[in-house]
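Order of the sequence lines fixes the chain letters, A, B, ..., with proteins taken first and strands second; residue numbering starts at 1 for each chain.
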There are 2 protein chains.
Amino acid sequence: MSHAGICTSYRPRELAITSQHVTPKPMDAEEPWMRGLHADTGYLLYRLGLRSGQLFNTFLQESGLRLRHYAVLRYLAGAEGALQRELSTRLGYDPSAIVGLVDDLERLGMTERRPSPDDRRSKIVVLTEDGRAFLRGTDEAGRRVTNDLLAPLDTAERETLQALLLRVVDRP
Amino acid sequence: MSHAGICTSYRPRELAITSQHVTPKPMDAEEPWMRGLHADTGYLLYRLGLRSGQLFNTFLQESGLRLRHYAVLRYLAGAEGALQRELSTRLGYDPSAIVGLVDDLERLGMTERRPSPDDRRSKIVVLTEDGRAFLRGTDEAGRRVTNDLLAPLDTAERETLQALLLRVVDRP
DNA sequence: GAGCAATAATTGGTGACGTCAATAGTTGTT
DNA sequence: AACAACTATTGACGTCACCAATTATTGCTC
């Protein structure tokens, strides 16, 4: 049950052995696997998203945090306090996920939950001084991650990419 | 006869990539959450990768497959047979994941495992006629997914984005 | 002003996913 | 003949996205 829920484990039955096999393919610019998959921008985004997440997480590994915690911290750094509901919608994480993330950050002393004066259901998450210090200490290393990821691009191309991605992600 | 093997180097054709294709978004967004997170291209990629994967999976939901199965099928469509090891390195999935994916596809009758005549350790995964038919039937719908994702961009901008992402993803 | 729908935070469960460790069978090398 | 490297495979572990249900609180409405 490691992978698929849509099927049980399948044991390959006896297959007819044919001497026919794959035909060697010249590796020109029209590589078939290129046409098949990497021609799709959506799939490219999915793929690079995975790689980006991995890079971030390995970078954060020593600090004991993960990308999602880091996202919360950086959002709070620019917001000076945010409702958990706000974190959920802004960062795109499930409300239940926010609970665990803020729990972790609180345990590490990087954030605090304060009661909202307007609505006693809500809680306001704010950065502590320790949280701010952590962000200052990792700011430069964080940039290095993106720098590494976008190594093949020069400065102008990176700005172009950034602008394009912003347009795509900011769609309401 | 030697199999095509694994291509280790691919050089994307040169494209004129300038920022003229994109209208830079006026950072009028004094929005603090802009400064905090979306200023980071790496995080943008991570986020859009998630959204892209979700879109693909919901699109594939009715067919009983998921994005990873679809990736295998599309790769096979352009390769005319591939070793599982090849699928693993090309698609970036763990070899153990490939096993489950091919199991599922085989159970659905979309692929077959054939013994490699060159190496009895390897197995060659090939598309069946059913698999090909599935790809033909979903080809247009698949394009609609990427179309939807990139809705805010015009044609020129999409080509620019595609070229930039290709450069980033093809790094060894 | 008393019910009632909506909301914020929370808990729990489920399936999908990435990663690593280990194994059996096979190949190439020495 | 022995040994290292490789292929497919199984298994386990932790993370993550998604959904349902609960509790406390708010706003609406009749």
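- A:Arg85 CZ: 12 or fewer foreign heavy atoms inside a 6.0 Å radius.
- A:Arg113 contributes no side-chain N or O that, together with a main-chain N or O of A:Val125, makes up a donor-acceptor pair within less than 3.5 Å.
- Going from atom OH of A:Tyr93 over to atom P of D:dC18 covers 12 Å, rounded to whole Å.
- Of the two residues contacting DNA chain C, namely B:Asn57 and A:Asp119, the nearest-nucleotide position lying further toward the 5' end is that of A:Asp119.
- The CG atom of A:Leu101 sits 18 Å away from the P atom of C:dA8 (whole-angstrom rounding).
- Rounded to an integer number of Å, the gap from CG of B:Asp94 to C1' of D:dT15 is 15 Å.
- Nearest to the side chain of B:Arg85, among D:dT9, D:dT7, D:dT25, sits D:dT7.
- Here D:dT9 is the nucleotide among C:dC20, C:dC17, D:dT9 with the atom lying nearest to any side-chain atom of B:Gln84.
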Would you list the protein and nucleotides 28-30 of chain C atom pairs, both N or O, that sit under 3.5 Å from each other?
none

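- Under the 3.5 Å distance criterion, the side-chain polar atoms of B:Ser88 are left unmatched by any main-chain donor or acceptor of B:Gln84.
- Across the protein-nucleic acid pair, B:Arg66 atom CZ and D:dC18 atom C1' stand 14 Å apart, rounded to whole Å.
- For A:Arg144 and A:Phe59, the positive end is not near the middle of the six-membered ring at less than 6.0 Å and at most 45° from its axis.
- Straight-line distance from the CG atom of A:Leu67 to the C1' atom of D:dT15: 12 Å, rounded to whole Å.
- Contacts of A:Ser96 with the nucleic acid, taken as non-hydrogen atoms under 4.0 Å apart, include base atoms.
- Not one N or O on the side chain of B:Ser52 forms a donor-acceptor pair closer than 3.5 Å with the backbone of A:Leu45.
- A:Asp130 and A:Thr128 form no side-chain donor-acceptor contact under 3.5 Å, judged by distance and modelled atom types alone.
- Side-chain atoms of A:Gln54 lie closest to C:dG18 of the nucleotides C:dT10, C:dC17, C:dG18.
- A cation-pi contact, defined as under 6.0 Å to the ring centre and within 45° of the axis, is absent between B:Arg74 and B:Phe56.
- Here the side chain of A:Arg120 is nearest to one of C:dA16, D:dT25, C:dA9, namely D:dT25.
- Which of C:dA8, D:dA8, C:dT10 sits closest to the side chain of B:Arg113 comes down to D:dA8.
- One interatomic measurement links the two molecules: CG of A:Leu83 to C1' of C:dT10, which rounds to 16 Å at whole-angstrom precision.
- In the set C:dT26, C:dG18, D:dT10, the nucleotide with an atom closest to the side chain of A:Tyr46 is C:dG18.
- Rounded to whole Å, atom P of C:dC20 lies 10 Å from atom CD of A:Gln61.
- Following rounding to the nearest Å, A:Leu50 (CG) and C:dA16 (P) show an atom-to-atom distance of 17 Å.
- Where the helix from C:dG1-D:dC30 to C:dT30-D:dA1 starts and where it ends, the local axes point in directions that differ by 10°; five pairs per end, rounded to 10°.
- When each of C:dT27, C:dA9, D:dT25 is scored by its nearest atom to the side-chain atoms of A:Val99, the top-ranked nucleotide is C:dA9.
- Residues forming a side chain to side chain contact (heavy atoms under 4.5 Å, CB included) with B:Arg132 (at least two apart in sequence, or on another chain): B:Leu127, B:Glu129, B:Arg136.
- When heavy atoms are screened at a 4.0 angstrom cut-off, A:Ile98 is found touching no nucleic acid atom at all.
- Between the side chain of B:Glu159 and the backbone N or O of B:Ala156, no donor-acceptor pair lies under 3.5 Å.
- Counted by atom type alone, A:Thr41 and B:Gln162 present one or more donor-acceptor pairs between their side chains at under 3.5 Å.
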